[in-house]
Amino acid sequence: MRYWLMKSEPDEVSFDDVLAAPDRTVAWFGVRNYQARNFMRDQMQVGDGILFYHSSCAVPGVAGIARVASGAYPDATQFEEGGKYFDPKATRETPRWISVDVQALAQGRYLPLTELRAVPELEDMVLLQKGSRLSISPVTPGQWKKILALAGLS
DNA sequence: GCCAACGTTGGC
DNA sequence: GCCAACGTTGGC
């Protein structure tokens, strides 16, 4: 059982969108970074905890918690010619990018990035490191507990 | 829109 | 394999 932070642009997929989806579950598509992909491929397991983070928006922050709801499978968007996530080097036989299913679990108090930065126990979070751009990053059990407490979800 | 930081590409 | 050029991320 591991914990992760996953970034989504709310204009594309917000936490509310996941809550409203059938079975509160969506495919996590569009990862185009090898380090993030490898976390999904090599380390994620069904049941892992997810901090659902809103990026590139007016108030970036943690919007809710979710769980990994499937193993890895090929990301369908890599084959969509003309689409934003099309990858000409990917083939059906040798896909390059993968997805997992993500199921929303609970929505607590919204935790803005600025607030997270002010919490001493969270200063080692990958998210908060200078220049960190990873769309999927590991979260320690201690960081997970702290954030759930801050969100009122403990 | 700006720009720092980082990742990828491709010529050599 | 190096590294300059270019592209992307994402907070502000």
Side-chain angles (χ1 to χ4, degrees), chain A residues 2-21 26-44 48-68 72-140 142-144 146-153:
Chain A
R2 289 187 164 96
Y3 301 101
W4 307 95
L5 181 140
M6 298 173 79
K7 294 179 184 175
S8 182
E9 300 188 14
D11 286 350
E12 192 154 23
V13 182
S14 70
F15 191 70
D16 284 340
D17 292 336
V18 185
L19 283 172
V26 300
W28 200 270
F29 61 89
V31 170
R32 294 294 181 271
N33 169 281
Y34 290 103
Q35 203 177 344
R37 180 201 69 180
N38 293 347
F39 282 139
M40 281 199 287
R41 187 189 61 192
D42 303 332
Q43 296 191 41
M44 269 191 190
D48 281 1
I50 297 168
L51 300 174
F52 195 106
Y53 180 88
H54 283 175
S55 69
S56 295
C57 56
V59 184
V62 173
I65 62 170
R67 64 188 284 273
V68 176
Y73 56 90
D75 178 345
T77 62
Q78 70 193 299
F79 308 123
E80 292 170 1
E81 213 157 334
K84 179 180 174 186
Y85 296 108
F86 178 64
D87 183 344
K89 293 180 182 166
T91 65
R92 300 270 175 187
E93 295 70 31
T94 55
R96 177 177 295 203
W97 306 108
I98 56 176
S99 292
V100 298
D101 286 345
V102 168
Q103 181 176 40
L105 289 181
Q107 185 168 34
R109 185 170 70 83
Y110 190 83
L111 299 176
L113 177 62
T114 50
E115 181 175 339
L116 300 179
R117 285 201 187 284
V119 179
E121 295 97 317
L122 300 179
E123 67 180 7
D124 290 334
M125 280 189 80
V126 175
L127 172 76
L128 303 181
Q129 302 314 301
K130 185 179 179 184
S132 176
R133 303 187 314 183
L134 266 180
S135 61
I136 298 176
S137 58
V139 171
T140 68
Q143 292 160 356
W144 174 264
K146 184 66 188 176
I147 287 178
L148 261 59
L150 289 171
L153 293 172

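First the proteins, then the strands, lettered A, B, ... as listed; each starts at 1.
A cation-pi arrangement is absent between Arg32(A) and Tyr85(A) under the rule of less than 6.0 angstrom and at most 45 degrees off the ring axis.
A donor-acceptor pair shorter than 3.5 Å can be found between the side chains of Tyr34(A) and Arg96(A).
The structure places OG of Ser135(A) at 7.0 Å from CE of Met40(A), a figure rounded to the nearest 0.5 Å. The distance from atom CD1 of Ile50(A) to atom CG of Leu105(A), rounded to the nearest 0.5 Å, is 8.0 Å. Separating the CZ atom in Phe39(A) from the CE atom in Met6(A) is a distance of 11.5 Å, to the nearest 0.5 Å.
Taking the 5' to 3' direction, DNA chain B first and last meets chain A under 4.0 angstrom from a heavy atom at dA5(B) to dT8(B).
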